[in-house]
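One structure is given here, and the rest of the page talks about it.
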Amino acid sequence: MSSELDFVHRFVPGSSDRTLLLLHGTGGNEHQLIPLGRELDPAAALLSPRGKVLENGHARFFRRLAEGVFDLEDLQRRTDELAEFVLAAAAHYQFAVEKMVAVGYSNGANIAASILLRRAGVLQTAVLLRAMVPFLPEKLLDLSTVRVWIAGGKQDVIIAPAETQRLADLLQAAGANVSAHFFEAGHGLTNEEFVLVSRWLKKLGP
Ligand code: MLT
């Protein structure tokens, strides 16, 4: 394993050109989203890293000072670190980065959004489940080739739907093609959205 593959992770080969980058929420791990990834796309390869930050023993992708208040310096560093890992993993496992789809939940969706806003060209497609604006960039990157499917829970008390909408608006302002959805749900995910994501992925093609 190359030294840049420095996230604990799982890689499950697939039978199509697509790779799903699975990014768990606080307290998750590299195993947690594998079944969901398989359900969303039975043919895709799956790359699932574990966040390196521990908060009271719970793994996350970056540090926070309080709920919804992020350590922006750490976020910046962890965003770059994860982006480098993804590029190294693509070289190591020989998958096409441009065919990769990030699927992030909560903290995982927030770091995916941070990669979109900070690292041009790493993510072309992202599914952001219960996400918020991770940081406000000084200058928006050109995201006109990027597609995002984003979902909030109308009763989510951890990430208010208005915060998810703010992120959708920001990504759209950067030129991304954004499809935003709000469900009768809290922070937990619903089957309804899995079905919709799966359909959306099918429509994007293999
Ligand atoms: C975050 O810290 O990224 C969000 O508050 C969501 C969470 O992980 O609870």
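One-based numbering, in listed order, for ligands and for the atoms of each. All of these numbers come straight from a predicted model, not from anything done at the bench.
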Tell me which pairs pass salt bridge (charged side-chain N to carboxylate O under 4.0 Å, His left out) where either residue lies in residues 80-93, with sequence neighbours left out. K52-E81, R78-E81, D80-R118, D80-R119, E84-R119
Among all the protein's non-hydrogen atoms, which is closest to [atom], and how far away is it?
| atom | value |
| --- | --- |
| atom 4 (C) of ligand 1 | N110 ND2, 3.6 Å |
| atom 6 (C) of ligand 1 | S106 OG, 3.1 Å |
| atom 8 (O) of ligand 1 | T26 OG1, 2.5 Å |
| atom 5 (O) of ligand 1 | R64 NH1, 3.4 Å |

Heavy-atom distances under 4.0 Å decide this one: backbone, side chain, both or neither, for N107 against ligand 1? both
Under a 4.0 Å heavy-atom limit, does R60 contact ligand 1 with its side chain, its backbone, both, or neither? side chain
Any atom of ligand 1 sitting under 4.0 Å from a heavy atom of [X]?
| X | value |
| --- | --- |
| G68 | yes |
| H187 | no |
| F70 | yes |

Can you check whether M132's main-chain N or O pairs, donor with acceptor, with N110's side chain at less than 3.5 Å? yes
For E184, what residues pass the salt bridge (Lys or Arg N to Asp or Glu O under 4.0 Å) criterion, not counting sequence neighbours? K154
When you check the side-chain N and O atoms of E39 and S198, is any donor under 3.5 Å from an acceptor? no
Please evaluate residues D71 and R64 with respect to the criterion salt bridge (Lys or Arg N to Asp or Glu O under 4.0 Å), reporting the C-alpha separation (whole Å), side-chain torsions for both, the decisive distance (0.1 Å), and the verdict. CA-CA 5 Å; D71 176 336; R64 64 179 163 183; over 6 Å; no
Just jot down the ligand 1 atoms closer than 4.0 angstrom to any heavy atom of I158, in number order. 9 (O)
Using a strict 4.0 Å threshold on nitrogen-to-oxygen distance, state whether R166 and D169 make a salt bridge. no
Ion pair present between E193 and R130, side-chain N to carboxylate O less than 4.0 angstrom? yes
